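Beneath this line is the structure, given in structure tokens, with notes to follow.
What you are looking at is a predicted structure, and each value in this text was computed from that prediction instead of being measured.
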Number of protein chains: 2
Amino acid sequence: MPSTEQHHVICTVDVVLLTLLHGALHVALLPRDKAPFAGVLALPGGYVHAQEDAGTQASAARVLQAKAGLVSPYLEQLATFSGPARDPRGWSVSVAYCALVPPSVLEQSRGLQLLPVQNVPALAFDHADILATALERVRSKSLYSSLPVHLCAQPFTLPQLQSVYEAVLGETLNKVSFRRKMEELGMLEALPGQLQTGAAHRPAQLYRVRAAFRQQLSLSARGL
Amino acid sequence: MPSTEQHHVICTVDVVLLTLLHGALHVALLPRDKAPFAGVLALPGGYVHAQEDAGTQASAARVLQAKAGLVSPYLEQLATFSGPARDPRGWSVSVAYCALVPPSVLEQSRGLQLLPVQNVPALAFDHADILATALERVRSKSLYSSLPVHLCAQPFTLPQLQSVYEAVLGETLNKVSFRRKMEELGMLEALPGQLQTGAAHRPAQLYRVRAAFRQQLSLSARGL
DNA sequence: GAAATAGTGTCTATAAGACAGTATTTT
DNA sequence: AAAATACTGTCTTATAGACACTATTTC
């Protein structure tokens, strides 16, 4: 019964790969190299390989490695998009993932186009919907979690981290409250004696994410 | 290429159907009527029907109607579960949905077993994982949204709604704060002159959900 | 020392919770 | 009238934000 035509479904993954450049969120896109939508920009994606993938998360990681040449430490399932019309080849399911990386990780990537999320042209398939869902998720999670730390190359200073939050949320934050919250989240540790020098002002303390929080978010009960 | 064996994936949906009975969350389960896992309790689920379904959300609604004989006003995508081992028939993807209904909706259902979520036996496939994910999602969303109203038959009183929140969250809530929050969410409207009478005490005002919030949650910036 | 930004102390404003009082029903 | 619970007023406590002050660097 699973092999009857009635149940045949195209099964793919797509990855919304986000980073922060010049204070603005950018998404990584690739021009498609074949039909459908040949030449049109699309999210990195591909078929699930039932022979080799341990799950769709593994498919997404494999696709990122194959198409962008990178490994994203943070890769989270976003949502699943489906229907008869989203892919002209037939009824399809795409499990979408969201990856957040600091800009440094993208340096080894090849062929990716990084476009500011406010200014993305028409995309293949329903990738504009997938991108919109990812942005909404990232912004809403940034209101009460440590998610934006994944956009920051380590080590970083608190002012740097605050400006990352501000870029993602699109609003300025209160410095005292921000520092209180970061303290309270308990996921950062100061690197003793390591300061960011070189600027014409008091140097800032450098921090890194504690090991226990590298794979998992820290959530705040009350936001920020 | 999509039809090569390499890409063949079994595509299903499963629904975590939750309701509140005797002050405790219960999940609706069905004994499987054929292999694999014949006779074992499982979430209502089934194949995606590419010929008839407009998307996996429609598949989930169709499965609920077919297997439980009901239409759930609230049906939200939960997450997608996948891998080579979760279904003995082969590499599979299941898009899981979460439905919340008041107990009254389940009266017309046939054959469903409603079990308290703290006391569920071994389930077929990876349905225990799916259920755990659903419970975590429902509890976390209940902290800052109007989600639990879907468990309440309308119209309801504020003390009834508060006890629904308390049952889902597993903690008692401050009455004054709860009422302030419900006021602030702006999703309820009092039914003028309609009070819940019959009890040996002051009757409570009856409320219903405003039309604008029947399909969509109301979110609070600061929780509760 | 001037400029710039880091970091902190403290006051104010807002939101959450505690508590007690009043209101309205049944028995 | 007693009991029970609905509802509300108000005080206290906790949290968030504003603001100003000190600290430390480069030029």
Side-chain angles (χ1 to χ4, degrees), chain A residues 23 142-146 148-149 152-167 169-208 218-224, chain B residues 23 142-146 148-149 152 154-167 169-186 188-208 218-224:
Chain A
S142 298
L143 286 169
Y144 63 91
S145 85
S146 60
V149 302
C152 237
Q154 296 196 48
F156 48 77
T157 69
L158 284 181
Q160 283 172 344
L161 183 60
Q162 181 171 350
S163 72
V164 168
Y165 270 83
E166 290 173 341
L169 295 174
E171 59 183 332
T172 62
L173 299 175
N174 180 285
K175 180 171 56 166
V176 178
S177 299
F178 180 78
R179 298 171 89 97
R180 268 195 297 240
K181 277 292 177 187
M182 289 302 127
E183 172 77 17
E184 179 180 305
L185 286 174
M187 70 181 162
L188 300 183
E189 59 186 343
L191 298 170
Q194 292 193 47
L195 304 179
Q196 188 191 51
T197 99
H201 53 77
R202 173 173 175 179
Q205 175 64 53
L206 286 168
Y207 291 83
R208 68 174 175 194
S218 179
L219 304 178
S220 164
R222 259 181 254 278
L224 240 187
Chain B
S142 298
L143 286 169
Y144 62 91
S145 84
S146 60
V149 301
C152 237
Q154 295 197 51
F156 47 77
T157 68
L158 284 181
Q160 283 172 344
L161 184 59
Q162 180 170 349
S163 71
V164 168
Y165 270 83
E166 290 173 340
L169 296 174
E171 60 183 332
T172 61
L173 299 175
N174 180 287
K175 180 171 57 168
V176 178
S177 299
F178 181 79
R179 297 171 90 97
R180 269 196 296 242
K181 277 293 177 187
M182 289 301 127
E183 173 76 16
E184 179 179 304
L185 286 174
L188 300 183
E189 59 186 344
L191 299 171
Q194 293 192 47
L195 303 179
Q196 188 193 49
T197 112
H201 53 78
R202 175 173 171 178
Q205 175 65 53
L206 286 167
Y207 291 83
R208 66 175 177 194
S218 178
L219 304 177
S220 164
R222 256 182 256 279
L224 244 188

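- OP1 or OP2 of dG17(D) lies within a sub-4.0 Å distance of a side-chain N or O belonging to Ser177(A).
- The side chain to side chain donor-acceptor pair (under 3.5 Å) check on Gln205(B) picks up nothing, with sequence neighbours excluded.
- The distance from atom CZ of Arg180(A) to atom P of dT14(C) is 15 Å, rounded to the nearest whole Å.
- With sequence neighbours excluded, no residue satisfies side chain to side chain donor-acceptor pair (under 3.5 Å) with Gln160(B).
- Phe178(A) and Tyr165(A) have perpendicular rings, their planes meeting at more than 60° on a 0 to 90° scale where under 30° would count as parallel.
- The side chain of Val176(B) has dA18(C) as its nearest neighbour among dA18(C), dC19(D), dA4(D).
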Nucleotides 21-23 of chain C: which of its N/O atoms have a protein N/O under 3.5 Å away?
{"residue": "dA23(C)", "atom": "O4'", "partner": "Arg202(B)", "partner atom": "NH1", "Å": "3.2"}

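- For Phe156(B) and Tyr207(B), the gap between ring centers reaches or exceeds 6.0 Å.
- Closest to the Ala204(A) side chain, of the nucleotides dT25(D), dA6(C), dT26(C), is dA6(C).
- Between Lys181(B) atom NZ and dC7(D) atom C1' there is a gap of 20 Å when expressed in whole angstrom units.
- Going from atom CG of Asn174(B) over to atom C1' of dA14(D) covers 13 Å, rounded to whole Å.
- In this structure, the helix from dG1(C)-dC27(D) to dT27(C)-dA1(D) shows an angle of 0° between the axis at its start and the axis at its end, each fitted on 5 base pairs and rounded to 10°.
- The side-chain contact (heavy atoms from CB on, under 4.5 Å) check on Arg202(B) picks up nothing, with sequence neighbours excluded.
- Note: CZ (Arg179(A)) to P (dG9(C)) measures 12 Å, nearest angstrom.
- Using a distance-only test at 3.5 Å, with no hydrogens or angles considered, no donor-acceptor pair links the side chain of Thr157(A) to the main chain of Ala204(A).
- Heavy-atom neighbours of Glu171(B) CD from other residues, nucleotides or ligands within 6.0 Å: above the threshold of 12.
- Remark: C1' of dT25(D) and CG of Leu206(A) are 14 Å apart, rounded to the nearest angstrom.
- Positionally, the nearest nucleotide of DNA chain D for Leu195(B) lies more toward the 5' end than for the other of His201(A) and Leu195(B).
- Nearest nucleotide to the side chain of Glu184(A), out of dG7(C), dA16(D), dA6(D): dA16(D).
- A search for salt bridge (charged side-chain N to carboxylate O under 4.0 Å, His left out) contacts involving Glu166(B) returns nothing, not counting sequence neighbours.
- The CZ atom of Phe178(A) sits 19 Å away from the P atom of dT15(D) (whole-angstrom rounding).
- Taking atom CE of Met182(B) as the reference point, atom C1' of dT8(D) lies 18 Å away to the nearest angstrom.
- The side chain to side chain donor-acceptor pair (under 3.5 Å) test applied to Arg179(B) returns no partner, not counting sequence neighbours.
- A straight line from CG of Leu158(A) to P of dT5(C) spans 17 Å, rounded to a whole angstrom.
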